[in-house]
Amino acid sequence: MRLEAFLSEIMHWYLSNVERCSIYFNEWRYLTGENAVTVRKQRRIFSDYIRDILIEDPELLRPGINDRLATFYILGAINNIPVWYRASGPYSAARVASEFATMSTYLAFDG
């Protein structure tokens, strides 16, 4: 499934770059000027890409699930990882990426 494959790949990268992603996803609000404009544009492109995946596969979303809210759900799960994930902790990056991709694909969707 395209969504699960994308989420797994992006989370592998994310977990290898937790500090960078934490700043990008959680501290972007404090940017000003051209940096703020650039990051907002990149965030919109990223969000739209996930939403496009959801829209392109009509079998993916359960009836009544809004594609924009589903996108926010996925982004919320991904963006919260730096709050609790530690490379030295009990879960490997590979396991977290795999399970989050699977959960994000199947909990709210028909996948």
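Predicted model, so just to flag it, every value in this text is computed and none were measured. In what follows, residues are counted from 1 in the order of the sequence shown.
Across all non-hydrogen atoms, the minimal contact from A101 to S8 is CB-N, 3.5 Å. For A97 against L15, the heavy-atom pair with the smallest separation is N-CD1, 3.8 Å. Residues Y14 and I81 share a closest heavy-atom pair of CE2-CB, 4.0 Å.
Classification of the F46-F6 ring pair by plane angle, with boundaries at 30° and 60°, yields tilted.
Between F100 and L7, every side-chain heavy-atom pair lies at or beyond the 4.5 Å cut-off. Contact check for S47 versus R44: no side-chain heavy atoms found under the 4.5 Å cut-off. The shortest distance between side-chain heavy atoms of E4 and T102 falls below 4.5 Å. A 4.5 Å side-chain heavy-atom check between W84 and V96 finds at least one atom pair inside the cut-off.
Distance alone, capped at 3.5 Å, places no donor-acceptor pair between the N80 side chain and the G76 backbone. A donor-acceptor contact shorter than 3.5 Å links the side chain of N17 to the backbone of W13. Judged by distance alone, with hydrogens and angles left aside, the side-chain atoms of S16 form a donor-acceptor pair with the main-chain N or O of H12 at under 3.5 Å.
Once rounded to the nearest 0.5 Å, the distance linking CD1 of I10 with CD1 of I50 reads 7.5 Å. Between D67 atom CG and I55 atom CD1 the span is 4.0 Å, to the nearest 0.5 Å. Atoms OG1 and OH, from T71 and Y49 in turn, are 12.5 Å apart once rounded to the nearest 0.5 Å. Atom CD1 in I53 sits 13.0 Å away from atom CZ in R51 (nearest 0.5 Å). Distance CE/M11 to CD1/I74: 8.0 Å, rounded to 0.5 Å.
When hydrophobic clusters are built by joining Ile, Leu, Val, Met, Phe, Trp and Tyr residues whose side-chain heavy atoms come closer than 4.5 Å, directly or via intermediates, L60 is grouped together with M103. No continuous path of hydrophobic side-chain contacts links L69 to L75 [ILVMFWY only; heavy atoms under 4.5 Å]. When the side chains of ILVMFWY residues are joined at heavy-atom separations under 4.5 Å, either directly or via intervening members, V37 and L31 end up in two distinct hydrophobic clusters.
Applying the 6.0 Å contact sphere to CD of Q42 captures more than 12 heavy atoms from other residues, nucleotides or ligands. At most 12 heavy atoms of other shown residues, nucleotides or ligands fall within 6.0 angstrom of atom CZ in R68.
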